[in-house]
Amino acid sequence: MASETKPRVLFDRQRIAVTVRRLAAEIKKDYQGQDILLIGVLKGAFVFLADLIRLLDLPLEVDFIGLSSYARGRESSGKIQVTQPASCPIKGRDVLVIEDIVDTGLTTAFLLDYLSRQKPASLRLCALLDKPWPRRVPVTIDYLGFSVPDKFVVGYGLDCGEKFRNLPDICFLEDN
Ligand code: 5GP
């Protein structure tokens, strides 16, 4: 049998739940009386977004945007493309972007610039994970779940070659 890459738990599901609750409380406090448009970045943020919105008892709408950046396996290609635009108008909306992970920052910086050109009333970023060390462009994360070491992480919506999104814990991959 071929050697496998084994996922090792970095943050387990209980710890993730505590963190998602904390983020929801911070967001609720800041957006009282506003009608937010949450934009989830496909595909990696879909599990996080699904858990987060169920803790936000605020008027909100959900949309998704598809971006491609990792054209060559685990290395950022640096070339970002919108593969699926958001379907809701952005102009005049209070937009909160929901990202799975900020790594080099290239994807998020591109996305924030792309959205800001559409003239939202406000634009903030909530990221579940941050890898501060490989950063190539500065990105301000308004709501952050966890900082992670410079390792490739999977699970809780994040993939490696479309696998592992269904892991309930956030894991890193160890090569055997
Ligand atoms: P960046 O442009 O900041 O380098 O990368 C952002 C995107 O790359 C994330 O939205 C995610 O899709 C992917 N990515 C970056 N690091 C990781 C990682 O450790 N694991 C996974 N699964 N995806 C990652």
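Every number for a ligand or one of its atoms is a count from 1 in the order of the listing. These values consider heavy atoms only, across backbone and side chains, with no hydrogens, waters or symmetry-generated copies.
Y156 and D100 form no side-chain donor-acceptor contact under 3.5 Å, judged by distance and modelled atom types alone.
The atoms of ligand 1 that sit less than 4.0 Å from any heavy atom of T104 are 1 (P), 2 (O), 3 (O), 4 (O). Listed by number with element, the atoms of ligand 1 under 4.0 angstrom from any heavy atom of D100 are 9 (C), 10 (O), 11 (C), 12 (O). Contact atoms of ligand 1 toward E99: 10 (O) (distance under 4.0 Å to a heavy atom of the residue). Within the listing of ligand 1, atoms 21 (C), 22 (N) sit less than 4.0 angstrom from a heavy atom of D159.
A side-chain hydrogen bond (donor to acceptor under 3.5 Å, both in side chains) with Y143 is found for one member of R124, E26, R22 and no other, namely R124. In summary, of the residues considered (T104, D130, D103), a side-chain hydrogen bond (donor to acceptor under 3.5 Å, both in side chains) with R135 occurs for D130 alone. The side-chain hydrogen bond (donor to acceptor under 3.5 Å, both in side chains) test with D169 singles out one residue from Q14, R13, R15, and that residue is R13.
Comparing K131, K163, R136 by heavy-atom distance to atom 19 (O) of ligand 1, the nearest is K131. Distances from atom 5 (O) of ligand 1 to the heavy atoms of I170, V102, T107, I80 put T107 nearest.
For ligand 1, the polar-atom distance check against G105 finds a nitrogen or oxygen pair separated by under 3.5 Å. Inclusion of T108 in the set of residues having an N or O under 3.5 Å from an N or O of ligand 1 is not warranted.
Sorted by first then second residue, the salt bridge (charged side-chain N to carboxylate O under 4.0 Å, His left out) pairs that include residues 137-156, not counting sequence neighbours, number zero.
The side-chain heavy atoms of C171 and L10, taken from C-beta on, include no pair separated by under 4.5 Å. With a 4.5 Å cut-off on side-chain heavy atoms, L56 and K28 count as touching.
Close to ligand 1: K151, with a non-hydrogen atom less than 4.0 angstrom away. The shell of residues lying under 4.0 angstrom from ligand 1, judged by heavy atoms, excludes R135. Within the structure, the closest approach of V41 to ligand 1 does not fall below 4.0 Å when heavy atoms are considered.
The backbone N or O of G105 lies less than 3.5 Å from no partner atom in the side chain of T108, so there is not a single donor-acceptor pair.
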